[in-house]
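Contents: one structure, followed by commentary.
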Amino acid sequence: MSGEIQAAFARAKARGEGALVAYAMAGDPDFARSVDVFAACVEGGADILEIGVAFSDPIADGPVIQAASERALKAGSTLRRVLDEVVPAVRQRCPETPLVVMTYVNVVMAMGEERYAKLARERGVSGTILPDLPPEESASIREAFDKEGLDLIPLCAPTTSPTRAASIAKDARGFVYCVSVAGVTGMRSELPTNLSERLELVRRLSPVPVVAGFGISTAEQAQVVGAHADGVVVGSAIVRAAQADGPAAARQVCAEIKRGLKR
């Protein structure tokens, strides 16, 4: 395991806060502006940055992030360019913040699992989320990632049984990403009533921190969810704010969420 992600959660806990994992799309609307957005998220209090890599068929993403992916693809975004241009620039501006790449398994396999893991770690990436990678088919990628010290961060769906959740948690690296709602990413006015129970279950099973994402966009939601998790992931609210009003708006969203994560 990389260790950087665990350290970020520990720092947040020591401050009496839940951790904020802030998502934005690399290359949206262009490479330079996306780096500004990532840096603004850290200024707003983000503990970990989730760097989205555009993909033509983003099955886990809702309309806001799908649109961001389309803009990034038009700007020339590819996995290699993100690793070569965006990640080093973000690393330079946010040297203490762990970087997690979020993309799809086809993108990584096209580059080559071992090649991706090596390049990602060389550029300063701590972990990777592949939402369409089933645990049963993850052995070779996990082996390649473990060899380089790159965390393969698993997702746990609302429909995941306790037995399967235990299996997912057992092999987790970095943190477990609990999907809070069925469906795709996007802001929701209400979250499931049983979310707290599911989060507590996964926390009991997991040797690494547990976060909740999908649908969280306000300080109030972060406060409710943060009482049962080690942190939250916020994406669509950040992407929408940045698209409308630039990096300063993304900074404000992160600052608001962090207020909700104070304990």
Name every donor-acceptor pair, under 3.5 Å, that has one atom in a side chain of residues 165-172 and the other anywhere in the protein, sequence neighbours excluded.
none

Regarding Glu148 and Arg173, does a basic nitrogen lie under 4.0 Å from an acidic carboxylate oxygen?
no

Partner set under salt bridge (charged side-chain N to carboxylate O under 4.0 Å, His left out) for Arg259, not counting sequence neighbours
Glu256

Under the side-chain hydrogen bond (donor to acceptor under 3.5 Å, both in side chains) test, residues paired with Thr128 that sit two or more places apart:
Tyr116

Per the salt bridge (Lys or Arg N to Asp or Glu O under 4.0 Å) rule, what does the pair list look like for residues 15-25, sequence neighbours excluded?
Arg15-Glu17, Arg15-Asp47, Glu17-Lys258, Glu17-Lys262

For the residue pair Ile5 and Gly174, what are the closest heavy atoms and their distance?
CG2-O, 3.7 Å

Only pairs under 3.5 Å count here: list side-chain donor-acceptor contacts from residues 223-231, not counting sequence neighbours, and write none if there are none.
from   : atom 1 : to     : atom 2 : distance (Å)
His228 : ND1    : Glu200 : OE2    : 2.9
Asp230 : OD1    : Arg203 : NH2    : 3.0
Asp230 : OD2    : Val210 : N      : 2.8

Pairs touching residues 89-98 that satisfy side chain to side chain donor-acceptor pair (under 3.5 Å), sequence neighbours left out:
Asp36-Arg93

Not counting sequence neighbours, list each pair that qualifies as a salt bridge (Lys or Arg N to Asp or Glu O under 4.0 Å) and has a residue in residues 25-35.
Asp28-Arg71

Those residues at least two apart in sequence (or on a different chain) that pass side-chain hydrogen bond (donor to acceptor under 3.5 Å, both in side chains) with Asp245 are none

What residues form a salt bridge (charged side-chain N to carboxylate O under 4.0 Å, His left out) with Arg142, not counting sequence neighbours?
none

Nearest 0.5 Å, what's the CD-CE distance between Glu50 and Met102?
6.0 Å

All side-chain hydrogen bond (donor to acceptor under 3.5 Å, both in side chains) counterparts of Arg80, not counting sequence neighbours:
Asp84

Within this structure, what is the CG-CD distance for the pair Leu152 and Glu113, rounded to the nearest 0.5 Å?
10.5 Å

Glu136: partners by salt bridge (charged side-chain N to carboxylate O under 4.0 Å, His left out), with sequence neighbours left out:
Arg164

Mind checking what makes salt bridge (charged side-chain N to carboxylate O under 4.0 Å, His left out) contact with Lys118, not counting sequence neighbours?
Glu122

